[in-house]
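Note that the numbering runs from 1 along the sequence shown for the chain.
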Amino acid sequence: MSNTDQDVIRTVIADMQAAWNRADFHGYMAGFANPDVIFVSRGRIQKDWQATLEHYIADYGGSPGSQGELAFTNIRIEMLAPDAAQLISDYKLVRPAGNQTGVNTRLMRKRDGKWVIALNHVSQIER
């Protein structure tokens, strides 16, 4: 993987994190393939891009600050092909309704010159 691709992918993730932290759910979702992203969470395949956006707004957008503070750390990227990369990172969400920590596994795809998340798998550490 070129440093440019790695830097661009890291910027996509940083931009998503910043958007979440300012409660900009549309900005957060801009990092995902639309409409065909696949989300895996809670032991099942979740709904599509639009349904996921609506879920985030309903569950995390109730009042200012209710989305909490999200951080992606320990980001590891492996190039699979010129238009595909695997990204694994830790995440931590600190919020009044309860903190969440775990691991994200993401398949990044380069579509029309833009890196997006095509598959997002979340493994939350249960407490």
CA sep, side-chain torsions, deciding dist, call: R111, D36, side-chain contact (heavy atoms from CB on, under 4.5 Å): CA-CA 12 Å; R111 296 187 176 168; D36 59 338; 3.0 Å; yes
Ring pair (Phe, Tyr, Trp, His ring centres under 6.0 Å) between W49 and F39, intermediate numbers included: CA-CA 8 Å; W49 189 95; F39 285 90; 9.2 Å; no
Audit row: D5, W115, side chain to side chain donor-acceptor pair (under 3.5 Å) steps and yes/no: CA-CA 8 Å; D5 283 331; W115 283 101; 3.3 Å; yes
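Judged by distance alone, the side chain of R22 and the main-chain N or O of W20 form no donor-acceptor pair under 3.5 Å. When atom types are taken as modelled, the side chain of N21 and the backbone of L70 share a donor-acceptor pair closer than 3.5 angstrom. In this structure, S123 contributes its side chain and G102 its backbone to no donor-acceptor pair below 3.5 Å. The backbone N or O of R95 sits less than 3.5 Å from a side-chain atom of N99, completing a donor-acceptor pair.
When all heavy atoms are compared, the tightest approach of M108 to I9 is CE-CG2, 4.0 Å. Between P96 and G65, the closest heavy-atom pair is CD-O, 4.1 Å. Shown here for M79 and A84, the closest heavy-atom pair between the two residues is SD-O, 3.4 Å. Summarising the geometry of P82 relative to K110, their closest heavy-atom pair is O-CD, 4.2 Å, with the distance given to 0.1 Å. Counting all heavy atoms, side chain and backbone alike, Q17 lies closest to A71 at OE1-CA, 3.4 Å. Shown here for G27 and A19, the closest heavy-atom pair between the two residues is C-CB, 3.6 Å.
Distance CG/L119 to CD1/I38: 6.0 Å, rounded to 0.5 Å. One finds the CD atom of Q6 at 12.5 Å from the CZ atom of R76 (value rounded to the nearest 0.5 Å). Separation of atoms CD (Q50) and NE2 (H55) is listed at 13.5 Å; rounding is to 0.5 Å. The CG atom of N34 sits 9.0 Å away from atom CG of L53, with the distance rounded to the nearest 0.5 Å. In this structure, CD in Q67 is found 13.0 Å from CG in D59, a value given to the nearest 0.5 Å. Atoms CZ and CD1, from F25 and I57 in turn, are 7.0 Å apart once rounded to the nearest 0.5 Å.
You'll find the side chain of I88 reaches within 4.5 Å of the side chain of V103, heavy atoms only. Between T101 and D90, every side-chain heavy-atom pair lies at or beyond the 4.5 Å cut-off. Counting heavy atoms from C-beta on, the side chains of K92 and F72 never come closer than 4.5 Å. S89 places a side-chain heavy atom less than 4.5 Å from the side chain of N104. By the 4.5 Å heavy-atom criterion applied to side chains, I75 and L87 are counted as neighbours. Side-chain contact check for V12 versus M16: some heavy-atom pair is nearer than 4.5 Å. In this structure the side chain of D83 reaches within 4.5 angstrom of the side chain of R109, judged on heavy atoms.
Salt-bridge annotation for K114 and D112: absent, with no side-chain N of the basic residue lying under 4.0 Å from a carboxylate O of the acidic one. Ionic pairing of R10 and D15 is not present here: no N-O contact between side-chain nitrogen and carboxylate oxygen is shorter than 4.0 angstrom.
Both L107 and I45 sit in one connected hydrophobic cluster of ILVMFWY residues. Membership requires side-chain heavy atoms under 4.5 Å apart, directly or through other members. Hydrophobic clustering of Ile, Leu, Val, Met, Phe, Trp and Tyr side chains at less than 4.5 Å, counting indirect connections, keeps V116 apart from Y28.
Applying the ring pair (Phe, Tyr, Trp, His ring centres under 6.0 Å) rule to Y91 yields no partners; only residues at least two apart in sequence or on another chain are considered.
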